[in-house]
Amino acid sequence: MWAVVIFLVTLVLVIWQPRGLGIGTTAVTGAFVAWVTGVVDWIDILEVVSIVWDATLAFVGIILLSMALDEIGFFEWAALKMARLSRGSGGALFFNMLLLGALVAAFFANDGAALILTPIVLAKMRYLDMDARAIFAFVMAGGFIGDSASNPLVISNLTNIVTADFFGIGFFEYLRAMFWPNLLSIAASMTVLWLYFRRDIPARVDVEALPAAASAVRHRRMFGFAWWFLGLLMAGYFVGDAYGLPISLFALGGALLFLAIGAKMGALEPRHIVRGAPWQVVWFSIGLYVVVFGLKNAGLTREVAVWIEALLRHGEGVAVLGTGFIAGGLSAVMNNMPTVMVMDLAIDHIGFVGHEALAYANVIGCNLGPKLTPIGSLATLLWLHVLQKKGVTIGWGEYMKVGFVVTPPVLLAALLGLL
C-alpha cells in the first residue's frame, strides 16, 4: 500500500511541479520516504544506481553536446537549410521539418529535439507569418516525431539506454533490431500526421523571406569541426560496443571534450552550458527508479509478468504486440520513465533470453505510447514547457484529440516491424 501511495504522490508532484519544485528534488524525496518507510532498502537503492548510472550520465552528455551545437548555430542552420529545400511548397516544408525532427531525435535524443529544435521551428513559422492553425500543425507534428523517431539508436531516448543497459544489449545489436521498426514508425508518423493536418498546411510558403542558412552559423571553424567530431563520436559508440565499454564514456566524455575544444577555439563558454544542463534529470532518474523498485517489492512487476505470460501462450507475435500496447498504455497514464523499469523487471522475471523481442516492444511502447497524453513522457512535459514560455499553450483536450488519432496506428506499425 505504501509503495503505491508514495509512487502516486511522487508522480503527481513531478508532473505538477508546484512553486517550481524540481523533478529531481521530488523524485529523491519520494525515494527517501520509500526508504524510511521500509518500502525499499539500501540493497535496492544500490541496485537502482547500478542500473541507471550509465543511462543517466549518457543522457546528460547528449544534452550537453546538443546545447553546445545549438550555441554555434548548428540546429538553426539545419532548420533553415531544410526550409529552403522545400522550395516554397507547404507540404514539402512539413515533411522536411518532420525529417529534421526525426534526425535530431535519433542522434541527440527526443529531449534534445524538444528543448532545442522546438523553439527554432516555432520562430521560423512565426517569421513566415503562418496562421495559428498552421503553427499548431507544425508544432504538434514536430513534437510527435521527436518521440516516434526516437527508437533507432541506444542514445535516441533515455528509455532505450535504460533497457539496453538492463539487458546488456549492445549498440550494434540494438540498431539491427530497431532498424525496420524505426523506419516503419517514421513512415507511419509522416503519413498519419499529413492526413490529419493536411488542411491546415498552406499550399505555398515564402521561404525566400527566411535568412540564408549560412547566417545562422556563429563560428565557422567550430561548425566545420562539429561534423567531423560527430562522425568520430558515432564511430566511438561502435568501438565501445565491441569492447564492452559504457555508453556514457563516449556520450558524456565526448560532450566534455567538445566543450573543451570549443572553449579553446573561442566558440563556446563551457560554464554557461554546463550550468544550463538538466542536472535535475540525474536525481530524477535515480530517485524515481528507487520509488519504482518499491512497486516491484510490492508485487506489481510480478503481476505485469503474469499478463505477458498470458500473451505468450497465444504466440510470440501476440506477446510482442500486447507488450508494446501495455507499455504504451501504462506510459500514457503513469509516465514512461517508471513504466520502462516496471516492464523491464517484468520481462526479466519471465526471462530475456528467447524473448528478446519483448524488450524491444517495451521500448517502442514506452517511446510512442506517451503521445496519448501530455503527461506520458519527460520530453513532452519539457516540450509543453518550452512552448508555454514562447506564448503557445496547448490544452489537454487539444493534445489528446491528436494523440488518440495518431498514436495507435503508428505504434502498431512500429511493433509489426519486430515480427
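For the pair I308/V304, a side-chain contact is recorded, criterion being any heavy-atom separation below 4.5 Å from C-beta on. Using a 4.5 Å heavy-atom threshold, the side chains of V342 and V292 count as touching. With contacts defined as side-chain heavy-atom distances shorter than 4.5 Å, the pair V154/Y237 does not qualify. Counting only heavy atoms from C-beta outward, the side chains of W383 and S377 never approach each other to under 4.5 Å. Counting only heavy atoms from C-beta outward, the side chains of V207 and R87 never approach each other to under 4.5 Å. Between L419 and L416 there is a side-chain heavy-atom pair separated by less than 4.5 Å. Contact annotation: the side chain of V320 approaches that of L358 to within less than 4.5 Å [non-hydrogen atoms, C-beta and beyond]. The shortest distance between side-chain heavy atoms of M343 and T159 does not fall below 4.5 Å.
With rounding to the nearest 0.5 Å, the separation of CG in D129 from CG in D206 is 10.5 Å. Summarising the geometry, atom CG belonging to L184 is positioned 10.0 Å from atom CZ belonging to F179; distances are rounded to the nearest 0.5 Å. To the nearest 0.5 Å, the span separating CG on N362 from CG on N160 amounts to 10.0 Å. Once rounded to the nearest 0.5 Å, the distance linking CD1 of I273 with CG of L64 reads 8.0 Å. To the nearest 0.5 angstrom, I155 atom CD1 is 5.0 Å from F171 atom CZ. Here the straight-line distance linking atom CE of M97 with atom CZ of F138 works out to 7.5 Å at 0.5 Å rounding.
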Item to check | Verdict with reasoning, M140 to Y196, per side chain to side chain contact (heavy atoms under 4.5 Å, CB included) | outcome: CA-CA 11 Å; M140 280 296 295; Y196 190 93; over 6 Å; no
Item to check | Verdict with reasoning, L122 to I135, per side chain to side chain contact (heavy atoms under 4.5 Å, CB included) | outcome: CA-CA 7 Å; L122 178 60; I135 289 175; 3.7 Å; yes
Next on the checklist: side chain to side chain contact (heavy atoms under 4.5 Å, CB included), that's the test. Do V410 and F144 meet it? Break it down for me.
Outcome noted: CA-CA 10 Å; V410 176; F144 189 90; 4.1 Å; yes
Checklist entry - Does the pair L345 and F166 meet the rule for a side chain to side chain contact (heavy atoms under 4.5 Å, CB included), with working shown? => result CA-CA 9 Å; L345 290 167; F166 186 83; 3.8 Å; yes
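Scored by the side-chain hydrogen bond (donor to acceptor under 3.5 Å, both in side chains) test, E303 finds W307 as partners (sequence neighbours excluded).
With hydrogens and angles disregarded, no donor-acceptor distance shorter than 3.5 Å links the side chain of R126 to the backbone of A123. Using a distance-only test at 3.5 Å, with no hydrogens or angles considered, a donor-acceptor pair links the side chain of T323 to the main chain of A319. Of the possible donor and acceptor atoms, one in the side chain of T373 sits under 3.5 Å from a partner among the backbone N and O of A332. Put simply, the side chain of N96 gets close to the backbone of M82: a donor and an acceptor are under 3.5 Å apart. In this structure, the side chain of S86 engages the main chain of A83 through a donor-acceptor pair within 3.5 Å. No donor-acceptor pair under 3.5 Å is formed between the side chain of S248 and the backbone N or O of A58.
Scanning all heavy atoms of the two residues, the minimum distance from A216 to L80 falls at CB-CD1, 3.9 Å. Of all the heavy atoms in A188 and A413, the pair that sits closest is CB-CB, 3.7 Å. Scanning all heavy atoms of the two residues, the minimum distance from L372 to G328 falls at CD1-O, 4.5 Å. Closest approach of G142 to L98, counting heavy atoms only: N-CD2, 4.2 Å. The shortest heavy-atom contact between F107 and M234 is CD2-CE, 3.4 Å. The shortest non-hydrogen separation linking T301 to A346 is O-CB, 3.5 Å.
Identified under the salt bridge (charged side-chain N to carboxylate O under 4.0 Å, His left out) test for residues 6-16, with sequence neighbours left out: none. Pairs of residues two or more places apart, or lying in two chains, that qualify as salt bridge (charged side-chain N to carboxylate O under 4.0 Å, His left out) and include a residue from residues 364-386 are D147-K371. Within the structure, the salt bridge (charged side-chain N to carboxylate O under 4.0 Å, His left out) test picks out the following pairs touching residues 54-83 (sequence neighbours left out): E76-K124, E76-R218.
Residue F32 qualifies as open at atom CZ: its count of foreign heavy atoms under 6.0 Å is 12 or below. Heavy-atom neighbours of R220 CZ from other residues, nucleotides or ligands within 6.0 Å: at or below the threshold of 12. Atom CH2 of W283 has 12 or fewer neighbouring heavy atoms from other residues, nucleotides or ligands inside a 6.0 Å radius. Other residues, nucleotides and ligands place more than 12 heavy atoms under 6.0 Å from the CZ atom of R204.
The aromatic rings of W194 and F94 are tilted relative to each other, their planes meeting at an angle between 30° and 60°. Between F223 and F74, the angle of the ring planes lies from 30° to 60°, which puts this pair in the tilted group.
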Residues 253-269, side-chain donor-acceptor partners within the protein, below 3.5 Å, at least two apart:
none

With a cut-off of 3.5 Å and sequence neighbours excluded, list every side-chain donor-acceptor pair involving residues 333-341.
from	atom 1	to	atom 2	distance (Å)
N335	OD1	M337	N	3.0
N335	ND2	I375	O	3.0
N336	ND2	C366	O	3.0
T339	OG1	L330	O	3.4
T339	OG1	S331	N	3.4
T339	OG1	N335	O	2.8

